[in-house]
Enquirer: 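This is the structure, below, for whatever I ask next.
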Amino acid sequence: MPRRLPNILLTGTPGVGKTTTAEQLISLSSSTPRRLKYLSINDLVKSRGCHEGYDEELQTYMVDDDKLLDEVEKEIQDGGGDGGWVIDWHSSAGFAVRWIDLVVVLRCEDTTVLYDRLKGRGYKDEKVQENMDAEIFGVCLEEAQEGWGEERCVELRSQEVDEVEGNCERVLAWVEQWIKDREAEQT
Ligand code: ADP
């Protein structure tokens, strides 16, 4: 069965604004016939026990990738695989290409802005630096483009507060286009 709505992976370095953007996307779409659903992989890791404990030193859960990917697949097939999931995760590694129709990579290349956001979370210097390096080198974008190709990856700037709404509108416009393209294919 083809999906009724596209699945969107919202990715990027920690602190770029994935959760903020996802929440706004869900809220904006909730008053339209194209209601999107939020899937936080962070929450899934914790609620389904897809980890081997919390590493205090690294300030992160040690994710069990196989278990996590099984849970992601189960979750997005929920509702008969109807689609419309906005998946929030800092990586696209291991995600099957067929699960995702669009990858949105949020970027915050101004490292002073990212630094403040990560420090504000209480991350240790080493973890802040590691994430800033990942952002400077565009690790998430490269990973996404390798999997889905440039045509299915969108890079959006997420530095200023007022960029969030515009980014959500772009994604929602893309959802509409995806639906139109599918309808055209079926006629
Ligand atoms: P992520 O989910 O990518 O780790 P969050 O959505 O939790 O990032 O955002 C991290 C912090 O940055 C939050 O305090 C949030 O309010 C702020 N933030 C997110 N996006 C923006 C933006 N475009 N401009 C300014 N601040 C932002």
Side-chain angles (χ1 to χ4, degrees), residues 1-45 47 68-109 117 135 138-187:
M1 269 290 283
R3 289 193 266 275
R4 192 178 65 85
L5 291 171
N7 286 332
I8 298 160
L9 175 63
L10 200 50
T11 188
T13 310
V16 289
K18 300 179 294 294
T19 305
T20 309
T21 306
E23 283 169 356
Q24 194 151 340
L25 255 178
I26 302 302
S27 155
L28 284 170
S29 75
S30 66
S31 55
T32 75
R34 333 290 199 194
R35 288 179 72 135
L36 301 172
K37 298 168 284 190
Y38 181 48
L39 180 58
S40 161
I41 302 297
N42 261 327
D43 290 349
L44 207 62
V45 167
S47 66
L68 174 64
L69 292 164
D70 280 351
E71 293 298 332
V72 173
E73 185 165 25
K74 266 190 231 160
E75 202 62 21
I76 59 179
Q77 279 172 354
D78 188 32
D82 223 16
W85 288 104
V86 175
I87 305 166
D88 170 353
W89 189 225
H90 59 255
S91 169
S92 52
F95 279 64
V97 170
R98 68 176 188 284
W99 294 347
I100 309 292
D101 301 290
L102 178 71
V103 185
V104 177
V105 185
L106 296 180
R107 300 301 307 272
C108 182
E109 287 175 285
R117 291 188 197 164
E135 184 58 13
V139 172
C140 289
L141 180 67
E142 193 179 315
E143 185 182 67
Q145 287 178 337
E146 272 172 19
W148 283 266
E150 286 184 28
E151 63 288 352
R152 282 214 272 161
C153 295
V154 183
E155 187 183 8
L156 297 175
R157 215 179 89 120
S158 179
Q159 259 164 227
E160 323 291 337
V161 179
D162 58 9
E163 283 168 333
V164 177
E165 194 170 346
N167 286 342
C168 290
E169 281 164 5
R170 277 193 63 182
V171 174
L172 292 176
W174 183 88
V175 169
E176 289 304 317
Q177 192 56 49
W178 185 91
I179 294 166
K180 277 191 195 136
D181 291 347
R182 290 301 161 290
E183 283 169 358
E185 273 171 22
Q186 280 156 21
T187 51

Enquirer: Could you report the tightest heavy-atom contact between A96 and W148, atom names first, then the distance?
Expert: O-CZ2, 3.9 Å
Enquirer: Output all residues satisfying salt bridge (charged side-chain N to carboxylate O under 4.0 Å, His left out) with E73, sequence neighbours left out; order by chain, then residue number.
Expert: R98
Enquirer: Does any N or O in the side chain of E143 come within less than 3.5 Å of the main-chain N or O of S91, such that one atom is a donor and the other an acceptor?
Expert: no
Enquirer: Say you draw a straight line from CG of L39 to CG of L10; how long is it, rounded to the nearest 0.5 Å?
Expert: 11.5 Å
Enquirer: Search all heavy atoms of G138 against all heavy atoms of R107 and return the closest pair with its distance.
Expert: CA-NH2, 3.7 Å
Enquirer: So, does Q159 use its side chain to make a donor-acceptor pair with the main chain of E109 at under 3.5 Å?
Expert: yes
Enquirer: Is it true that a side-chain atom of R34 and a backbone atom of L172 form a donor plus acceptor pair closer than 3.5 Å?
Expert: no
Enquirer: Tell me the closest heavy-atom pair linking C108 and S158, and the distance in Å.
Expert: CB-O, 4.0 Å
Enquirer: What distance separates K37 NZ from D82 CG, expressed to the nearest 0.5 Å?
Expert: 5.5 Å
Enquirer: Determine, step by step, whether E71 and K74 satisfy the salt bridge (charged side-chain N to carboxylate O under 4.0 Å, His left out) criterion, reporting the C-alpha distance in whole Å, the side-chain angles of both residues, the deciding distance to 0.1 Å, and the verdict.
Expert: CA-CA 5 Å; E71 293 298 332; K74 266 190 231 160; 3.1 Å; yes
Enquirer: For E135 and L106, which heavy atoms make the closest approach, and how far apart are they?
Expert: OE2-O, 4.4 Å
Enquirer: Side chain to side chain contact (heavy atoms under 4.5 Å, CB included) between R182 and W178: does it pass, once the steps are laid out?
Expert: CA-CA 6 Å; R182 290 301 161 290; W178 185 91; 3.0 Å; yes
Enquirer: Measure the CG-CG distance between L36 and L25 for me, rounded to the nearest 0.5 Å.
Expert: 6.5 Å
Enquirer: Would you call the rings of W99 and F95 parallel, tilted or perpendicular, where under 30° means parallel and over 60° means perpendicular?
Expert: perpendicular
Enquirer: To the nearest 0.5 angstrom, please state how far the CD atom of Q145 sits from the CD atom of E151.
Expert: 9.5 Å
Enquirer: Looking only at heavy atoms, which two atoms of C168 and Q24 are closest? And how far apart?
Expert: SG-CB, 3.7 Å
Enquirer: Only one of T20, T19, I26 forms a side-chain contact (heavy atoms from CB on, under 4.5 Å) with E23, so which one is it?
Expert: T19
Enquirer: Got a sec: does the CD of E185 have more than 12 other heavy atoms crowding it under 6.0 Å?
Expert: yes
Enquirer: Measuring from atom CD of E142 to atom SG of C153, what distance do you get when rounded to the nearest 0.5 angstrom?
Expert: 11.5 Å
Enquirer: How about L5 and I179: do any of their side-chain heavy atoms sit closer than 4.5 Å?
Expert: yes
Enquirer: Could you go step by step and tell me if V97 and R152 meet the side chain to side chain contact (heavy atoms under 4.5 Å, CB included) rule?
Expert: CA-CA 10 Å; V97 170; R152 282 214 272 161; 3.4 Å; yes
Enquirer: Taking it one step at a time, do V45 and L68 satisfy side chain to side chain contact (heavy atoms under 4.5 Å, CB included)?
Expert: CA-CA 7 Å; V45 167; L68 174 64; 3.8 Å; yes
Enquirer: Starting at CD of E163, measure out to CG of L156 and round the result to the nearest 0.5 Å.
Expert: 9.5 Å
Enquirer: If the test is side-chain contact (heavy atoms from CB on, under 4.5 Å), which one of L9, T13, I8 qualifies with T11?
Expert: L9
Enquirer: Which heavy atom of H90 sits nearest a heavy atom of P14, and at what distance?
Expert: CB-CD, 4.1 Å
Enquirer: With a 4.5 Å limit on heavy-atom distance, are the side chains of W85 and D101 in contact?
Expert: no
